[in-house]
Number of protein chains: 4
Amino acid sequence: MSVNKAILVGNLGADPEIRYMPSGDAIASIRLATTDRYRDKQSGEMKEITEWHRVSFFGRLAEVVKEYTRKGSQVYVEGKIRTRKWQAQDGSDRYSTEIAALTLQLLGGRPSGDRGDSRNERGSQQTGSRHSMGENEIPDDDIPF
Amino acid sequence: MSVNKAILVGNLGADPEIRYMPSGDAIASIRLATTDRYRDKQSGEMKEITEWHRVSFFGRLAEVVKEYTRKGSQVYVEGKIRTRKWQAQDGSDRYSTEIAALTLQLLGGRPSGDRGDSRNERGSQQTGSRHSMGENEIPDDDIPF
Amino acid sequence: MSVNKAILVGNLGADPEIRYMPSGDAIASIRLATTDRYRDKQSGEMKEITEWHRVSFFGRLAEVVKEYTRKGSQVYVEGKIRTRKWQAQDGSDRYSTEIAALTLQLLGGRPSGDRGDSRNERGSQQTGSRHSMGENEIPDDDIPF
Amino acid sequence: MSVNKAILVGNLGADPEIRYMPSGDAIASIRLATTDRYRDKQSGEMKEITEWHRVSFFGRLAEVVKEYTRKGSQVYVEGKIRTRKWQAQDGSDRYSTEIAALTLQLLGGRPSGDRGDSRNERGSQQTGSRHSMGENEIPDDDIPF
DNA sequence: TTTT
DNA sequence: TTTT
């Protein structure tokens with residue numbers, strides 16, 4: 001009865017931060033930049049505005065983030081928008097919004113013909129996770145369309 | 001390294017068709033209409049064009065489609081675009097494109113204050129499935145943002 | 001080089017709020033609820049969590065929101081995620097995140113062929129706006145695929 | 001009242017093809033590959049399946065495709081799914097499905113701070129078009145959230 | 001504060 | 001026919 005989806009393509013502003021739950025499950029957190037260009041109505045000039053998104057990854061997806069992304073990496077992320085309420089030291093309410101990621105795709109694959117050096121930020125294309133694996137679970141091999 | 005996603009909101013043109021695999025797994029198929037309005041460049045008139053999408057659902061999601069949708073139902077569908085090749089009787093190649101659904105949301109909930117009769121097309125709001133369940137598997141209860 | 005997209009389907013928690021810029025342009029603001037259901041790991045029970053989104057609409061789209069939505073309305077919204085920084089009275093920094101809407105679709109409409117009465121909350125299916133009109137501007141009438 | 005959206009991230013299988021309407025408007029067409037990995041139920045092995053999408057771009061967006069993409073380029077595309085009916089030489093009906101693109105983002109860009117040489121396939125990050133420009137037209141400079 |  |  002409802003849909004809550006964020007789709008982001010952007011670059012990491014810093015290396016991912018990883019921490020672990022008492023259960024041992026990993027949580028990775030990144031800051032992701034997206035930039036819009038628009039023409040300013042007053043001046044008529046092109047301007048750009050960068051939005052910084054806080055994105056969290058859980059479980060196996062967090063391990064992938066840890067291993068295969070770093071500052072500057074370009075990624076595709078799909079997730080849910082979540083706002084949590086917390087109390088500041090003075091007891092006042094504060095709100096913080098983040099994207100709880102469900103899917104990750106590492107971007108920036110070299111086009112054929114490009115023979116750049118390979119101090120590549122991507123060691124592999126692994127993605128997926130407990131949370132996104134469903135995406136591939138259609139039984140392709142036995143579907144009689 | 002790639003994304004293949006379709007997002008559709010539309011109405012079923014007919015009741016869903018269900019069939020079963022030898023394994024017992026259900027496959028549901030619907031025809032979904034989406035309509036675009038646009039202004040015709042020549043005449044300046046508003047016109048509309050309806051696109052009919054073939055959407056297939058697998059496993060538990062197919063059972064939900066069978067039970068909770070019928071001709072006219074409004075649904076939100078997320079899935080993958082797939083084109084299969086098949087041979088016509090004369091041996092020539094043919095291609096058919098469909099959406100392999102991964103998520104379903106039943107739409108058309110009544111707004112509060114509406115006290116319409118309830119020969120409602122929706123008996124419940126169940127959705128999800130083996131294929132979409134991942135969406136809800138974020139461990140909300142133990143995430144220290 | 002980047003994508004910043006939110007896709008929401010939910011219900012308005014209250015009637016929309018409209019205000020006007022000095023230029024006369026309308027801005028509409030709604031609170032939109034999306035609800036996730038998940039199974040609690042500890043108790044094994046189904047739980048649900050509701051997320052409240054602040055969504056803003058500009059220009060013509062704001063007028064559509066004003067005229068065709070109200071508390072309880074079910075809508076599809078597409079937009080950008082934006083976080084602005086502001087100063088609290090004590091001078092400390094605060095952050096607030098919202099969705100700047102680019103597309104609106106009113107949901108819950110009757111499929112064609114349904115001849116129900118029309119004390120419908122929606123007087124029409126108008127959507128679009130200066131911001132989303134591009135969606136329909138593909139010259140369908142003269143595309144030789 | 002409906003949504004018809006495709007979101008694709010993939011690589012071009014060949015250089016784009018450009019043609020021009022009698023009106024002078026450009027139409028660019030590409031073949032875009034997306035690849036899914038999944039575990040085969042019978043063998044337990046990882047397999048992959050590649051889907052080839054036909055994507056068409058119109059007007060200014062077609063010019064961007066012509067100028068900034070080639071075989072192997074990685075792109076993000078958003079558009080509508082469209083199926084047209086046509087007659088084969090024997091008079092029988094055939095159907096062909098394509099994505100009519102509304103947005104293009106060139107991927108694989110270097111993060112800021114990277115000072116690589118620039119015999120880059122992308123001379124710039126231009127995207128947008130008559131059809132997608134709306135995306136940036138939110139009047140950021142005068143929105144009092 | 002919505003919806004089911 | 002791409003990409004990894």
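Residue numbering restarts at 1 for every chain, and letters A, B, ... go by the order of the sequence lines.
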Selection from F:dT1, F:dT2, E:dT1 that lies nearest to any side-chain heavy atom of C:A14: E:dT1
Ionic contact status for D:E51 with B:R82, cut-off 4.0 Å: no
D:D15 side chain to D:K71 backbone, donor-acceptor under 3.5 Å: yes
A:M1 CE - E:dT2 P separation (whole Å): 14 Å
Sugar-phosphate only, base, or nothing, as touched by D:T50 at under 4.0 Å among non-hydrogen atoms: base
Euclidean distance, atom CD of residue D:E51 to atom C1' of F:dT2 [Å, nearest integer]: 13 Å
D:R31, nearest nucleotide to its side chain (from F:dT1, F:dT2, F:dT4): F:dT1
Length of the CD1-C1' vector between D:I30 and F:dT2, whole Å: 11 Å
Rounded distance in Å - CD (C:E17) to P (E:dT1): 14 Å
Of the listed nucleotides E:dT2, F:dT2, E:dT4, the one nearest the side chain of D:K71: F:dT2
Spacing between A:L107 atom CG and F:dT4 atom P, to the nearest angstrom: 12 Å
Nucleotide nearest D:T35 (side chain, heavy atoms from C-beta), chosen from E:dT4, E:dT2, F:dT2: F:dT2
Whole angstrom value for the distance that separates P of F:dT2 from NE2 of D:H53: 16 Å
Modelled atom types, side-chain donor and acceptor of C:E48 and C:T35, under 3.5 Å: no
Distance-only donor-acceptor test (3.5 Å): side chain D:R70, base F:dT2: no
F:dT2 base stacked by D:W52 (centroids within less than 5.5 Å, tilt under 30°): no
Reference residue A:V75; test side chain to side chain contact (heavy atoms under 4.5 Å, CB included); the match among A:L107, A:L8, A:L104, A:N11: A:L104
Spacing of C:E48 atom CD relative to E:dT2 atom P, expressed in whole Å: 13 Å
Any donor-acceptor pair under 3.5 Å from C:E98 side chain to C:V55 backbone: no
Separation of atom CG in B:N4 from atom P in F:dT2, rounded to whole Å: 18 Å
